[in-house]
There are 2 protein chains.
Amino acid sequence: MPKISHNISIAGLNIDRESKIPLSRQLYEGIRMAILHKQIRPGQRLPSSRTLAEDIGLSRNIVLLAYEQLTLEGYLTGSVGNGSFVSADAYTSFTEFTSAKKKIITPESVNTEPERDFNPGYEVSDMYADRESIKAIVKPFQNPVPALDHFPYRNWAKCASKIFRSLEFLQLSYDDAQGYYPLREAIAAYLRINRALICEPEQIIITYGTQQALNLIASIIIKKGDQFWIEDPGYINAKLAFQHAGGNPCFVPVTKNGLDLDYAKQNYPNARLAFITPSHQFPLGGSFPIAKRLQLLDWAAKNRMWVIEDDYDSELRYAAKPIPSLQGMDRHKRVIYTGTFSKVLFPGLRIGYLVLPDEQTTKVFKQAKAFADRQNSITDQLILNDFMREGYHSTHLRKMRVLYKKRQDHLVELIRKHGEDIISAEKQGSGMHIIAWLRQDINDQEISTILNRSGVINLPLSLYSNKFKHPPALVLGYTAFNEQKNQEAVLKMMTVIKDYLKEK
Amino acid sequence: MPKISHNISIAGLNIDRESKIPLSRQLYEGIRMAILHKQIRPGQRLPSSRTLAEDIGLSRNIVLLAYEQLTLEGYLTGSVGNGSFVSADAYTSFTEFTSAKKKIITPESVNTEPERDFNPGYEVSDMYADRESIKAIVKPFQNPVPALDHFPYRNWAKCASKIFRSLEFLQLSYDDAQGYYPLREAIAAYLRINRALICEPEQIIITYGTQQALNLIASIIIKKGDQFWIEDPGYINAKLAFQHAGGNPCFVPVTKNGLDLDYAKQNYPNARLAFITPSHQFPLGGSFPIAKRLQLLDWAAKNRMWVIEDDYDSELRYAAKPIPSLQGMDRHKRVIYTGTFSKVLFPGLRIGYLVLPDEQTTKVFKQAKAFADRQNSITDQLILNDFMREGYHSTHLRKMRVLYKKRQDHLVELIRKHGEDIISAEKQGSGMHIIAWLRQDINDQEISTILNRSGVINLPLSLYSNKFKHPPALVLGYTAFNEQKNQEAVLKMMTVIKDYLKEK
């Protein structure tokens, strides 16, 4: 039984010393109503008679009298030594009471159905809000979920234990809205080394993940009607964040080398912002070439355009040579870089970061972060900082690169082996998902829905498309699943698709 | 020394196999530039020669050659067995390099000073963003800071340790955007018992504190130009949140019984939302009477007005009888209730909650929370859940009530004893601060600045005022400070004020 009610005091207990009704009767009635109103529930422990007496300023005898009466009537169980609990029977009365009450409380004087006129724009995030259904088990090919079966739980717990043992000596009050400074140092060092960023801890803002980072960018930079370049197909949440702030999406086609820069420059020369995933285009996987990067940065400088570099999964590269970041090449301070730990560690951690180009920009972002929620929660930052400084993070990253490459290779091989003329897939140089191309006559939205219903989790490529169409395909995450799960899911997928084709 | 660079690979190392330049020379040059560009820094450890060789696909001998050369030239220190580190001397070259570089990289083709046209509205939160200065020590009379010297560190660590030991079996991937269900259960039970709320876990949304809760309310409910009632003096952040969303503040005077309802109804009958701190008006401390509560709820129902009940510190009550919440009396589903754990536990925890009146409203808030940042971070929620279920939370709350009452009594007595005709204060029935009234001829803004500069932290009452003026006063937090600190600070405060009065 949960011990929540231990040492509680019951709000709303109304004892009137002037009244003619005996105090114990008033108390009895108050507690009885608290039970019937569901304030305290079956199995919950009441305060000891001594505690309650102190709390409401009555003698202990009066409380004992009330408890006795309630016990006699079956509302409470237990004895003086062991404490009093709300009895299981009280629940029955309660249920009857509320169903009766529901009828009574309908207000007569006002419309029964309250009017609700909420601001629009949030419905679209339902795919993120409705997580309950997939809470229990992560199933193939859910994306993006890291290999939680290989997370270094022991090392994480070791760092956590160190932090919680010394909590007393740490800063638990309000801290810098920009984030815990030593963690920012660790992230800056990590980004300089791994992603060739030019960055100092002073340029970093810790966020609750990429989603918040994008919202901060949108709220600070986008003005109503501003055009922004967005890859098509591309990251839905980025589009939504900038749209929500009043921005006007300019869809830019994607080639095998990522964003089609010439198209964007020609068609939307006045864009205020470009959102780009240069290391590994999401979802198609292309890498934006060096020459194009320089052109983009040059264009941004000349046209006062902001470049948002989302480097969400670039640490997870399987090709030999790391691709340095756009940010590291930017000499004109037009790039805002965003990254996350959700992909490499675990999504429930909710730690991401922004790298801003200069002091002035950082200041505004810091203010906006303080405005949004004051600061990130502190203990997660302390643990992550320790985890990075102990070298556990880079060790883990290195292991995941090997594991994910193996898992990807395996999935691609499985699809080659079993895919017949129906599905095909190619290896990707980085990331957490592959594109499984479908035969031209298959509708990817339709088959995706059927597959999800059969327990093979996926999203159709067309979901990420706006103006530009691509052949039908499915986006399949592979990082969280071992060979056996992959194999079962591929075979299941093939059976489901073949059945679908037969019925067509 | 931080071990961040352990097992790292250096992004941007450019090895050209076709080039006439020997591979080891290319590698040497690449690492040297990484040091000079500050990618890797003095004291950081380089990957072992074996690791680096694997990483970039060269033979180990080539890597050893490059490392040798770099060691010879003083860039690296260390030996084969112990690993190679960037040497302290490299730093000197680096500093020279960057100051030289700064001059070079100024772009010629574009304006040197980048234009920055950010959206306004965040500057005002500077008082929250600028936390660095007060990071190290919490000083009297900073508000609101709980008694971190009495936080049950051991119990919190015990719960944390339990969670981190079983992390492997918990849900670390994306979870319900509404918050961890068992924690919502615990909060619902807590609110029913302690605050007489009518609430189920399904109505609760876990947020990153009150600040985020207010922003969610603003973004969902406030439309451009909407009027909202706000207590004057009142909570600045609430005003800012609703203003930022386009709302029009209607300042309502505050009596000793809280918000002046008649004034509000008469002057602003069309308000769409009312923000109120009914249990303990912030900052003046009045309690909104039962009869007024019923009138407010009735008005809200008839005029389709939302009532935002901020119950930020009502658990910390020192009078005998708890005041039940507005929400618990609302039969028309017009109340949105918000509370926080930052006040009772610690501000760095960043966990607050919203209680919504019905399913439809909850759904929209859940979507907006998912849109903002997906969900709250998971481990803090797990720990808090355990802490509540073990009964530690209510025990702590109970202890803090006793302690805070003692600390408040002591501070008020000190002011009575030393305040002369200059400062006076009265006890408050709940909360974390008192109002120290100043002699009429003292300007509270002026003296507040002087006191803060002298290390006596406070905010002037007039800071919270808008349309309605009050006598000069200071808002003093007392919960975090023991008797000795209080005494020193009161004496200091008196000295500073007397000096100020002499110079006037």
Side-chain angles (χ1 to χ4, degrees), chain A residues 2-4 6-8 11-12 39 57 105 107 110 114 118 122 125 128-129 131-132 145 153 157 160 164 167-168 172-174 176-177 189 192-196 208 211-212 220 301 320 322 324 331-333 346-348 350 364 366-368 370-371 373-374 377-378 380 389 391 394-395 398, chain B residues 2-4 6-8 11-12 39 57 105 107 110 114 118 122 125 128-129 131-132 145 153 157 160 164 167-168 172-174 176-177 189 192-196 208 211-212 220 301 320 322 324 331-333 346-348 350 364 366-368 370-371 373-374 377-378 380 389 391 394-395 398:
Chain A
K3 285 182 250 169
I4 295 165
H6 195 64
N7 275 346
I8 56 106
Q39 254 189 290
I105 62 162
V110 292
F118 297 125
Y122 296 115
S125 66
Y128 300 107
R131 282 282 173 190
E132 274 156 305
V145 183
Y153 292 100
F164 283 99
L167 214 53
E168 208 160 336
L172 300 183
S173 186
Y174 295 104
D176 193 332
R192 286 193 303 263
I193 294 164
N194 285 280
R195 305 294 307 130
Y208 286 119
Q211 182 64 25
Q212 176 170 58
I220 291 169
R331 294 291 172 270
H332 309 308
K333 308 194 173 196
F346 55 95
R350 312 311 306 134
V364 178
K366 178 178 171 166
Q367 288 168 334
F371 194 91
D373 49 36
R374 296 290 189 93
S377 58
I378 190 68
D380 287 335
R389 283 173 193 264
S394 33
T395 305
R398 194 171 184 82
Chain B
K3 286 181 249 171
I4 295 166
H6 195 65
N7 275 346
I8 56 104
Q39 254 189 291
I105 61 159
V110 293
F118 298 125
Y122 297 115
S125 65
Y128 300 107
R131 283 282 172 190
E132 273 155 307
V145 183
Y153 292 99
F164 283 99
L167 214 53
E168 207 160 336
L172 300 183
S173 186
Y174 294 104
D176 192 333
R192 284 192 304 261
I193 294 164
N194 284 281
R195 304 293 306 129
Y208 285 120
Q211 183 63 26
Q212 176 171 58
I220 290 170
R331 295 289 172 272
H332 309 307
K333 308 196 174 195
F346 56 95
R350 313 311 306 133
V364 177
K366 177 176 172 168
Q367 288 168 334
F371 194 90
D373 50 35
R374 297 289 189 95
S377 58
I378 190 69
D380 287 336
R389 283 173 192 265
S394 33
T395 306
R398 195 171 183 83

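- Ranked by heavy-atom pairs under 4.5 Å with chain B, the list A:L172, A:I378, A:V145 is led by A:L172.
- Contacts with chain A were tallied for B:D380, B:V364, B:I220; B:I220 has the most, counting heavy-atom pairs under 4.5 Å.
- A heavy-atom distance below 4.5 Å is not found between the side chains of B:F118 and A:Q367.
- Heavy atoms only, all atoms of each residue included: B:Q211 and A:F371 are closest at NE2-O, 2.7 Å.
- Put simply, the side chain of A:Y153 does not reach to within 4.5 Å of the side chain of B:F164, judged on heavy atoms.
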For a side-chain contact (heavy atoms from CB on, under 4.5 Å) check, start with the C-alpha distance between A:Y208 and B:Q212, then their side-chain angles and the critical distance, and finish with the verdict.
CA-CA 12 Å; A:Y208 286 119; B:Q212 176 171 58; over 6 Å; no
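- With respect to chain A, the highest number of heavy-atom pairs below 4.5 Å among B:A160, B:A157, B:S377 belongs to B:S377.
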